[in-house]
K.L.:
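Okay, handing you the structure first.
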Amino acid sequence: MAKIGFEPIVSAKNIFKSFKTVKALNGVDLEILPVEYTALLGPNGAGKTTLVEIIEGIQNPDSGEIKIFGKHWKGNKDELYDKIGLSFQETRFEDKITTKETLKMFASFYGLGNKRIDEILNIVNLEEKSKSYVVNLSGGQRQKLALGIALLNNPKLLILDEPTTGLDPTARREIWSILHSLKKEQGTSMILTTHYMEEAENLCDKIIILDNGKVLSKGTLKELISDSDSGEIIEFKVSDKNKLPDFSGYNDVRNINFDESTNLVTINIVNTSIVLPEIINLLNNANCEISELRCRYVTLDDLFIKMTGRKLTD
Amino acid sequence: MIKQFTQLLSIQFKEFFREPGALFWSFIFPILMSLALGMAFSDKPEIVQNAAVILPQNNENSILKNFLKTNCTKLKNKYQIINNNDNIGKTISNFQVVTKTESELMMKRGQIEIIISEENKKVNYYFDPANASSRLAYILISGTIDNKKLISDNSIIKPLEAKGMRYIDFLVPGLLAMGIMSSSLWGISYSLISKRSKKLLRRIVATPMKKSLFMFTMFLSRFTFSILEVVVLLVFARIVFGITIQGSMFAFAGILISGCFFFMGLAILLASRTSNTQVGNGLVNLFTMPMMLLSGIFFSYNHFPDFAIQIIKYLPLTLFTDSLRSVINEGAGLNEVIVPIVILFTSGLIVFLTGLKIYKWY
């Protein structure tokens with residue numbers, strides 16, 4: 001038997017869920033361990049929201065088993081809602097109610113008082129806006145309020161559905177910093193859905209890539225990239241695509257992608273230092289003019305394109 | 001639990017009182033309505049009738065010419081008779097002497113109700129019998145031309161001014177019932193649908209708070225607003241029009257509670273599935289509009305055909321309005337209104353439970 005400390009906080013086995021003609025989840029397995037931040041990464045329609053809603057107890061799977069803190073949702077709703085904190089995609093609070101009043105109402109649901117409300121206002125940095133009506137808050141402030149509500153009950157498990165979608169980079173980084181300190185100080189576990197690769201990389205220990213209701217890959221960022229044996233990337237733009245030489249015969253070149261809209265050539269290779277001089281040579285011989293040459297490591301985005309043929313943001 | 005209850009209630013009160021539109025429709029609108037309609041129907045209105053007179057070619061010894069000369073006051077371009085009586089109000093008859101062509105044009109333009117001409121010492125009246133004001137003009141003018149008195153010597157006019165018999169007495173209970181129906185349906189349905197569309201409803205219930213407590217506070221806050229509306233309108237009606245509740249207060253409370261309960265239950269049913277506020281608006285209008293038109297809020301539904309009356313009588317708003325009228329104006333007690341109370345309460349329970357059964361929280 002596993003040690004109590006390492007028993008999964010969330011365990012989902014073989015989850016299937018369909019809506020009319022759409023198969024939203026197609027046999028998904030998932031395990032979240034204590035003090036682990038997990039990102040569910042995938043494009044729109046991948047099944048991320050359906051999966052978190054099943055974890056949140058808002059939807060029932062057609063088949064499969066889901067346990068939170070070792071318990072099923074049925075018959076344990078109050079107990080489980082007491083332990084988890086949620087933030088849904090695009091929840092809008094009442095316009096003419098202030099930030100503090102909104103927090104106060106939710107705090108009462110958990111039997112919490114003013115002390116905790118003040119702590120939350122401090123954590124999410126909304127003290128100055130405590131008396132503002134929700135209607136007068138910016139997008140980032142509203143998301144911080146939603147996060148504050150999710151944190152009220154000091155949850156052991158935090159489930160955030162696209163918490164930074166639509167926010168500007170500054171507001172996004174502010175939310176990331178709150179989540180980082182939460183992990184350090186409270187030892188919270190978190191499931192976060194996102195279609196921002198950068199967010200998953202920055203915040204999470206484990207990344208699960210979902211597409212068409214299936215888990216394509218899971219592991220730490222390092223594992224995902226090394227498992228895929230993806231090598232490195234050389235990227236450049238060409239002024240005339242007809243002059244582009246054929247690289248496909250070379251052993252070291254694994255994959256070539258040409259983006260018609262930007263004239264961007266992306267070449268997946270094993271080792272840049274070996275291949276780059278040869279590529280430059282070929283381009284010179286073909287009299288092919290290039291610009292914006294860049295060499296980099298493979299990212300999640302490249303990995304996703306390799307797995308699905310689509311971009312995460314599609 | 002008490003903390004949750006007070007917080008939910010306080011938020012619902014704040015939502016209501018911070019919305020100027022809601023305050024206007026709940027409190028100010030019924031007062032303005034009763035004031036406007038009450039004033040309009042409490043003064044005795046002037047009756048003004050306009051007639052075109054075509055005199056005969058040879059108008060010596062003409063009945064009409066003599067009538068105009070003898071009985072009417074000659075003004076710049078017309079003749080006029082003013083009949084002013086304290087008990088029935090002022091009646092003004094205007095006569096314009098014109099040609100046949102002119103008279104026809106005036107009738108087409110709606111400037112006159114009747115055309116009067118003379119042939120072989122007989123007075124001819126031309127009017128559309130389907131038009132009630134033309135018929136009234138004929139009755140009054142022909143009587144005057146025939147030298148009949150407006151009030152015969154054997155008649156005594158006694159205006160009804162006793163409480164409960166005026167138009168305003170008829171109107172105020174109707175406005176009360178309509179106000180409760182509108183504020184219950186709009187208040188609860190709209191608030192729930194909007195919370196669902198904002199995904200706030202699912203956020204609220206994804207906590208250890210009991211759903212039943214949420215519904216209960218929603219009912220309680222809406223019921224409190226309805227009572228406030230009733231009190232405000234009744235105090236106003238008492239001060240301005242001297243209206244008091246003549247029947248039993250128990251009966252009044254019973255009918256008020258059962259009416260509120262029915263419409264709040266209906267609101268839950270209407271708001272049970274949709275998360276689209278426009279669909280919600282349509283659903284609420286679908287129920288409120290026909291009842292507002294048919295249930296005799298402003299004018300008696302007894303003008304409808306008999307078969308329709310048999311249906312209208314049992315519409316929830318009609319049951320509610322008629323019962324309020326009988327308690328406020330006729331002095332009815334609990335026994336007289338127990339049937340509508342039971343019908344409203346039972347049907348309220350049915351719609352409420354059906355609504356809860358199919359209710360979509362997420």
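So that the names make sense, note that chain A is the first sequence line, chain B the second, and so on, each numbered from 1. All values derive from a computational prediction rather than experimental measurement. Computed over heavy atoms, backbone and side chain alike; hydrogens, waters and symmetry mates excluded.
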K.L.:
Just checking heavy atoms, which of residues 91-110 of chain A are less than 4.5 Å from chain B?
P.N.:
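Against chain B, the residues of residues 91-110 of chain A that fall inside the cut-off (heavy atoms, under 4.5 Å) are A:T91, A:R92, A:F93, A:E94, A:D95, A:K96, A:I97, A:T98, A:E101, A:K104, A:M105, A:F106, A:S108, A:F109, A:Y110.
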K.L.:
Looking only at heavy atoms and a cut-off of under 4.5 Å, which of A:E79, A:E56, A:E53 has the most pairs with chain B?
P.N.:
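Option with the top pair count is A:E53.
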K.L.:
Under 4.5 Å, heavy atom to heavy atom, which residues of residues 135-156 of chain A contact chain B?
P.N.:
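Contacts with chain B: A:I149, A:A150.
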K.L.:
Which atoms of A:Q59 are under 4.5 Å from chain B, going by heavy atoms: the side chain, the backbone, both sets, or neither?
P.N.:
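Neither part.
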K.L.:
Distance-only, no hydrogens or angles: does the B:S189 side chain make a donor-acceptor pair with backbone N or O of B:A267 under 3.5 Å?
P.N.:
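Checking the backbone N and O of B:A267 against the side chain of B:S189, a donor-acceptor pair under 3.5 Å is found.
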K.L.:
Are side-chain N/O atoms of A:N122 and A:E127 paired as donor and acceptor at under 3.5 Å?
P.N.:
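Short answer, yes.
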K.L.:
Which atoms form the tightest heavy-atom contact between B:F261 and B:L349, and what is the distance?
P.N.:
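Scanning both residues completely, I find the closest heavy atoms to be CE2-N, 3.3 Å.
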K.L.:
So which part of A:L112 gets closer than 4.5 Å to some heavy atom of chain B, the side chain, the backbone, both or neither?
P.N.:
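Backbone of A:L112 only, per the 4.5 Å heavy-atom cut-off to chain B.
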K.L.:
So, does A:K48 use its side chain to make a donor-acceptor pair with the main chain of A:G42 at under 3.5 Å?
P.N.:
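Between the backbone of A:G42 and the side chain of A:K48 there is a qualifying donor-acceptor contact (under 3.5 Å).
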K.L.:
Just do the ring-ring contact (aromatic ring centres under 6.0 Å, His included) check on B:F263 and B:W186 with the steps written out, would you?
P.N.:
CA-CA 10 Å; B:F263 288 113; B:W186 288 111; over 10 Å; no
K.L.:
Applying the side chain to side chain contact (heavy atoms under 4.5 Å, CB included) criterion to B:S191, which one of B:M218, B:R196, B:R222 satisfies it?
P.N.:
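Answer to the side chain to side chain contact (heavy atoms under 4.5 Å, CB included) test with B:S191 among B:M218, B:R196, B:R222: B:M218.
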K.L.:
Once you round to the nearest 0.5 Å, how far does CD1 of A:I175 lie from CD of A:E199?
P.N.:
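The CD1 atom of A:I175 sits 8.5 Å away from the CD atom of A:E199.
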K.L.:
Any chance the side chains of B:T318 and B:S295 put a donor and an acceptor closer than 3.5 Å?
P.N.:
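Looking only at side-chain atoms, B:S295 and B:T318 do form a donor-acceptor pair, the distance falling under 3.5 Å.
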